[in-house]
A.B. asks: 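One structure, pasted below without further comment.
Sequence lines set the chain letters: A, B, ... in the order given, protein chains first and strands last, and positions in each chain run from 1.
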Amino acid sequence: MSDNFITEIIDANLREGLPTIATRFPPEPNGFLHIGHAKSICLNFGLAKRYGGRCHLRFDDTNPLKEDTKYVDSIQQDVRWLGFDWGEHLYFASDWFDKMYAFAHRLIDAGLAYVDSQSVEVVREQRGGFGKDGVDSPFRNRTVAENKALFTQMREGKFSDGTHVLRAKIDMTHPNMLMRDPLLYRIRHATHHRTADDWCIYPMYDFAHCLEDAIEGITHSICTLEFESNRQLYDWVLDAIGGWAPRPRQYEFARLKLDYTVMSKRKLLRLVENNQVDGWDDPRLPTIAGMRRRGVTPEALRQFAELVGIAKNNTTVDIGKLEYCIRQDLETRTPRALAIIEPLPLEITNWPKERIEQITLPWRADDPSAGSRQVAFGRNLFIEADDFALDPPKGWRRLSVGREVRLMGAYLVTCTDVTTDAEGNVIGLKGQVDLKSQGGAAPDGRKVKGTLHWLSAPGSERAEVRLFDRLFSVASPEADPDVDFIEHLNPDSLIVQSKALIEKALLTVDSESRWQFIRQGYFVADRYDHGPDTPVFNRVIGLRDSWSQRPDQGRPERAKASTSKSAKKSMTKRKPADIRAAARQQDSGLALAYNRFVQEHGFTEEQADLLSADRAIADFIEEALSSGTAAASIASWAVNQLLVLHRQSSMSQRPMRGKQFGELVGLTDSNTISKSAAKSVLAEMARTGRDPTLLVDELGVGKAADPSALVGEAIDGLLLEYADETARYRAGERQLMGFFMGQAMRRLKGKADGQVVRTELLARLG
RNA sequence: UCGGGGAUCGUCUAAUGGCAGGACUGGAGACUCUGAAUCUCCCUAUCUAGGUUCGAAUCCUAGUCCCCGAACCA
């Protein structure tokens, strides 16, 4: 697995002393896994592998109404097929129901949870909305004893569904809707697929998931972006209970979206239930089971996950990338076989009727160790209907009347005659082979560009071939909210060719064995329907074809102009400027500071605004101003350097004093140190609170007595060491200046001005 | 309307103040007993506007656009 923002976090955690990592893949057993899950599986298991940690497979089975054992089986099968192993770490959320129940009691004891006894509708109503505060439930202040008694009775089955819930006591006016007293437990008299009727109350996701992680010792709980808001609640629950080691943390990445398909369980389910596809493992579906049946390999899927990468951008991956991974993987692993999808008879008129010649063809032309087999050649042959043209276009290399092509591994043939039916369709060809061209080589060395695959009547068998294509005919079937995605189904996503021909050797191959049908594509013997008497092959993916134009040659149709309601209204957030103004309104000290900054010290209004929104900063600046350094310099440095530090950790928490900051800025004003040197001094000063003059000495960044001599010397050395780059620069690669500047500045440790260095560099580079 | 995220080639993804890189797609060519594969070359990007800096995709400010969140779902 390559680096990404999560591996960076893990690297940092490990450096800080975390002994090992544990991740988990936590599907709910209520549907089949799809390629989006594959990305997550590769991430979680891949991380565990990379860092020598572990990855749990955990079924998040907290909702008995939706879940079923049949899904837990299929999910395990899919994960294993993808190539991952959870060892002994197979868990179910339901394994921890007892513990969770006990934790809920602890929350009640701490006064952090209460039993509410209102209807769903009322609870929803009270929650408020975005920008609209919620209101407290009348049951919010029940006593601990009351809550404990009620919750115990809930567990004992004294109440019917929907009469009571356990809620966290947080804040009904919280800006994050999830924090408005979220539900922790609800009553559900339902039989659970594992715990049967042991329970009639079940924990909600936000309460259960973080506890599952904590109980199992998960260190990095990785989920998709839509759970970002849930993180706050995740942390709340774990902190409220406390005492975790390791304490799990949640991180979110962007889930996979693909062109020309849909990924949500709901939409997939609709396709399955409406019989628009043939079950969850229909080869056109992006489900793992479907892709397996389609003939895609786990290696290709893992390679795809790797190529797509892990980030936080909301993106849609070009399905061509998946197709590339599939082709690349199959290219190296499949033997080459002959098959004709739409046969067109070709009679070799100069070949004796009874004569059959066994032609030896290698399974792979590039690898003799792959072996070979014999294919019968005779008078009555078939070629691919597409390989003949009545009226050949420019550049046509295939067959046409009067043209010569090679029948792969056999003979050169010239078409002499064509028969058509009443409608003008070609129904048969006649031709003559050059009998001296056995093996396919021209006796006189003449160039024959076209090479066709072929089969003879006695050397072939009928087979069913299923040609799959993209499920939807547009790139973003979900883009337009006014059009049902079903409307965009590609009518040609499945074409069954029952009169295809395969060479005899393919009759006995195993189900799920994969082949390249030469010049056609990659095919797999169907996992279920294929057998010696009923050969059935699925086309995994066609070969790349730079001759015939794909139907979607041009740019894929991207999302139509999104006219959804949510897109139209511009979401204006509370602006930082407003927050600062509000701070000054609340605190007259800040307002006064603002005025002083502008009137007494000549700050620009923008500078004054930025520096007077927070007491720690405003006071710090006032102190810096007392150092006697020019106010303009202080303002500029404060805005551009100090605020960043302040954001990382408040100035009030730092050992550095305002006076020291003022002095440092003064050192640059007086040209004692360069600005870049001052930045490194500032970093150190902010950390340790030591005096700037001291640090300048210690870090050795004071300006040299004769800077240009020092600079010249350094640059001469540089140009010698980087002769290549120097030559490239002189040849015109001016963007290398940044490289030279970087090297020079590093070497000079800030003893010189950037400006001087640049001038000298320019002079010497010519 | 409130809160949380995100904007880099057509697509996905790097660059953590110092040569905007890689992959897919697309284009051109070479080779070819698969119009495949392989090889070579090429096209194309830092959301906008200001600022700081010798130097900004990266830091500061303002703006624009996109995504997610108000199930007793996960």
Side-chain angles (χ1 to χ4, degrees), chain A residues 3-4 8 26 28 30 60 62-63 65-66 120 123-124 127-132 134 161-162 165 174-178 180 183 185-188 204-205 209 225-232 252 254 259 307-309 311-318 320-321 324 327 331 336 365-366 395 397-398 406 408-409 439-441 448-453 516 518-520 543-548 555-556 558 562 566-567 569-577 606 610 636-637 639-641 643-644 675-676 725 728 733 735-743 745-746 753-759:
Chain A
D3 296 351
N4 55 57
E8 253 171 62
E28 184 187 12
N30 71 344
D60 211 354
T62 56
N63 187 355
L65 262 27
K66 290 195 185 172
V120 200
V123 170
R124 192 178 302 147
R127 190 144 36 218
F130 299 143
K132 181 171 173 281
D161 290 9
V165 288
H174 202 288
N176 179 354
M177 296 295 296
L178 285 168
R180 320 252 256 226
L183 269 61
Y185 269 91
R186 78 287 217 191
I187 300 173
R188 277 245 211 287
M204 301 288 293
Y205 168 83
H209 202 91
L225 249 27
E226 68 270 25
F227 289 93
E228 274 172 328
S229 308
N230 299 68
R231 187 176 61 235
Q232 202 171 12
E252 310 89 15
D259 300 77
L307 238 44
V308 161
K312 295 188 82 152
N313 297 346
N314 254 310
T315 51
T316 305
V317 177
D318 186 343
K321 194 160 241 168
Y324 163 80
R327 286 195 184 101
E331 152 67 23
R336 310 297 143 104
D366 59 352
R397 290 194 204 161
R398 283 113 97 151
R406 174 167 27 243
M408 185 180 265
V448 177
K449 278 227 156 193
T451 300
L452 308 186
H453 57 287
Q516 187 198 93
I518 287 197
R519 303 210 308 131
Q520 303 283 347
L543 250 30
R544 270 190 71 200
D545 186 354
S546 55
W547 168 248
S548 79
R555 290 257 68 79
R558 298 302 294 199
S562 169
S566 69
K569 56 182 169 184
S570 72
M571 291 282 193
T572 43
K573 299 199 175 183
R574 193 168 174 219
K575 298 174 179 91
E606 186 188 330
L610 290 167
S636 171
W637 273 81
V639 167
N640 286 293
Q641 307 295 329
L643 288 175
V644 189
K675 284 177 180 164
S676 62
E725 283 78 2
R728 277 166 58 203
E733 281 190 58
Q735 73 269 32
L736 281 169
M737 179 51 75
F739 165 77
F740 285 115
M741 278 299 296
Q743 290 295 334
M745 293 302 281
R746 204 157 300 138
D753 251 28
Q755 250 154 347
V756 174
V757 177
R758 173 169 297 259
T759 311

A.B. asks: Taking only side-chain nitrogens and oxygens of A/Asn313, does any of them come within less than 4.0 Å of OP1 or OP2 of B/rA7?
C.D. replies: yes
A.B. asks: Taking all heavy atoms of A/Leu183 and all of A/Val165, pick out the closest pair and write down the distance.
C.D. replies: CD2-CG1, 3.8 Å
A.B. asks: Please state how far atom CG in A/Leu307 lies from atom C1' in B/rA14, giving the value in whole angstrom units.
C.D. replies: 13 Å
A.B. asks: For the base of B/rG69 and the side-chain ring of A/Phe130, does the geometry meet a stacking cutoff of under 5.5 Å between centres and under 30° between planes?
C.D. replies: yes
A.B. asks: Suppose you measure atom C1' in B/rU46 against the same atom in B/rU8; what distance do you get, rounded to whole Å?
C.D. replies: 4 Å
A.B. asks: Could you go over nucleotides 72-74 of chain B and give all protein N or O partners under 3.5 Å, atom names and distances?
C.D. replies:
unit_1: B/rC72; atom_1: OP2; unit_2: A/Arg127; atom_2: NH2; d: 2.9
unit_1: B/rC72; atom_1: N4; unit_2: A/Gln118; atom_2: O; d: 3.0
unit_1: B/rC72; atom_1: N4; unit_2: A/Val120; atom_2: N; d: 3.3
unit_1: B/rC72; atom_1: N4; unit_2: A/Gly162; atom_2: O; d: 3.2
unit_1: B/rC73; atom_1: OP1; unit_2: A/Arg188; atom_2: NH2; d: 3.1
unit_1: B/rC73; atom_1: OP2; unit_2: A/Arg186; atom_2: NE; d: 3.2
unit_1: B/rC73; atom_1: OP2; unit_2: A/Arg186; atom_2: NH2; d: 2.7
unit_1: B/rC73; atom_1: OP2; unit_2: A/Arg188; atom_2: NH2; d: 2.0
unit_1: B/rC73; atom_1: O3'; unit_2: A/Arg186; atom_2: NH2; d: 3.3
unit_1: B/rC73; atom_1: O2'; unit_2: A/Asn63; atom_2: ND2; d: 3.4
unit_1: B/rC73; atom_1: O2'; unit_2: A/Lys66; atom_2: NZ; d: 3.1
unit_1: B/rA74; atom_1: OP1; unit_2: A/Thr62; atom_2: OG1; d: 2.6
unit_1: B/rA74; atom_1: OP1; unit_2: A/Arg186; atom_2: NH2; d: 3.0
unit_1: B/rA74; atom_1: OP2; unit_2: A/Tyr205; atom_2: N; d: 3.0
unit_1: B/rA74; atom_1: O3'; unit_2: A/Asp60; atom_2: OD2; d: 2.9

A.B. asks: Below 4.0 angstrom from OP1 or OP2 of B/rG35, is there any side-chain N or O of A/Thr451?
C.D. replies: no
A.B. asks: For the pair A/Lys312 and A/Glu228, find out whether any cationic side-chain nitrogen is under 4.0 Å from an anionic carboxylate oxygen.
C.D. replies: yes
A.B. asks: Between C1' on B/rU32 and CZ on A/Arg336, what's the gap in Å once rounded to a whole number?
C.D. replies: 14 Å
A.B. asks: If you look at every strand shown and take non-hydrogen atoms under 4.0 Å, does A/Lys312 touch a base, only sugar-phosphate, or nothing?
C.D. replies: sugar-phosphate
A.B. asks: Give A/Gly395 one of three labels, base, sugar-phosphate or nothing, depending on what nucleic acid heavy atoms sit under 4.0 Å from its own.
C.D. replies: base
A.B. asks: Could you pull out all residues at least two apart from A/Arg406 that satisfy side chain to side chain donor-acceptor pair (under 3.5 Å)?
C.D. replies: A/Thr451
A.B. asks: Please write out the pairs of protein N or O atoms and N or O atoms of nucleotides 57-63 of chain B separated by less than 3.5 Å, giving the distance to one decimal.
C.D. replies:
unit_1: B/rC60; atom_1: OP1; unit_2: A/Arg647; atom_2: NH1; d: 2.8
unit_1: B/rU61; atom_1: OP1; unit_2: A/Arg647; atom_2: NH2; d: 3.0
unit_1: B/rA62; atom_1: OP1; unit_2: A/Arg580; atom_2: NH2; d: 3.0

A.B. asks: Base, sugar-phosphate alone, or nothing: which one does A/Arg544 contact when heavy atoms must sit under 4.0 Å apart?
C.D. replies: sugar-phosphate
A.B. asks: Would you say B/rU53 has OP1 or OP2 under 4.0 Å from some side-chain N or O of A/Lys675?
C.D. replies: yes
A.B. asks: Which is more 5' along RNA chain B, the nucleotide nearest A/Ser676 or the one nearest A/Pro175? Just name the residue.
C.D. replies: A/Pro175
A.B. asks: How close or far is atom C1' of B/rU11 from atom CG of A/Asn314, stated in whole angstroms?
C.D. replies: 15 Å
A.B. asks: Would one find a side-chain N or O of A/Arg519 under 4.0 angstrom from OP1 or OP2 of B/rG35?
C.D. replies: yes
A.B. asks: Answer yes or no: is there a donor N or O on one side and an acceptor on the other, between the side chain of A/Asp545 and the main chain of A/Trp547, under 3.5 Å?
C.D. replies: yes
A.B. asks: Using a heavy-atom cut-off of 4.0 Å across all strands, would you classify A/Gln520 as base, sugar-phosphate, or nothing?
C.D. replies: nothing
A.B. asks: Considering residues at least two apart in sequence or located in another chain, which fulfil the side-chain contact (heavy atoms from CB on, under 4.5 Å) criterion with A/Tyr205?
C.D. replies: A/Asp60, A/His209, A/Phe227, A/Asn230
A.B. asks: I'd like to know if the side chain of A/Asn176 reaches the main chain of A/Ser229, judged simply by a donor and an acceptor atom lying under 3.5 Å from each other, with no hydrogens or angles considered.
C.D. replies: yes
A.B. asks: Measure from CE on A/Met408 to C1' on B/rG35 and round the result to the nearest Å.
C.D. replies: 12 Å
A.B. asks: Holding to ring pair (Phe, Tyr, Trp, His ring centres under 6.0 Å), I want the full list of residues that pass it with A/Phe740, two or more places apart in sequence or in another chain.
C.D. replies: none
A.B. asks: Going by the rule side chain to side chain donor-acceptor pair (under 3.5 Å), which residues pair with A/Arg186 if we only count those two or more places apart in sequence or in a different chain?
C.D. replies: none
A.B. asks: Does the distance from a Lys or Arg side-chain N to an Asp or Glu carboxylate O, for A/Glu28 and A/Lys66, drop under 4.0 Å?
C.D. replies: no
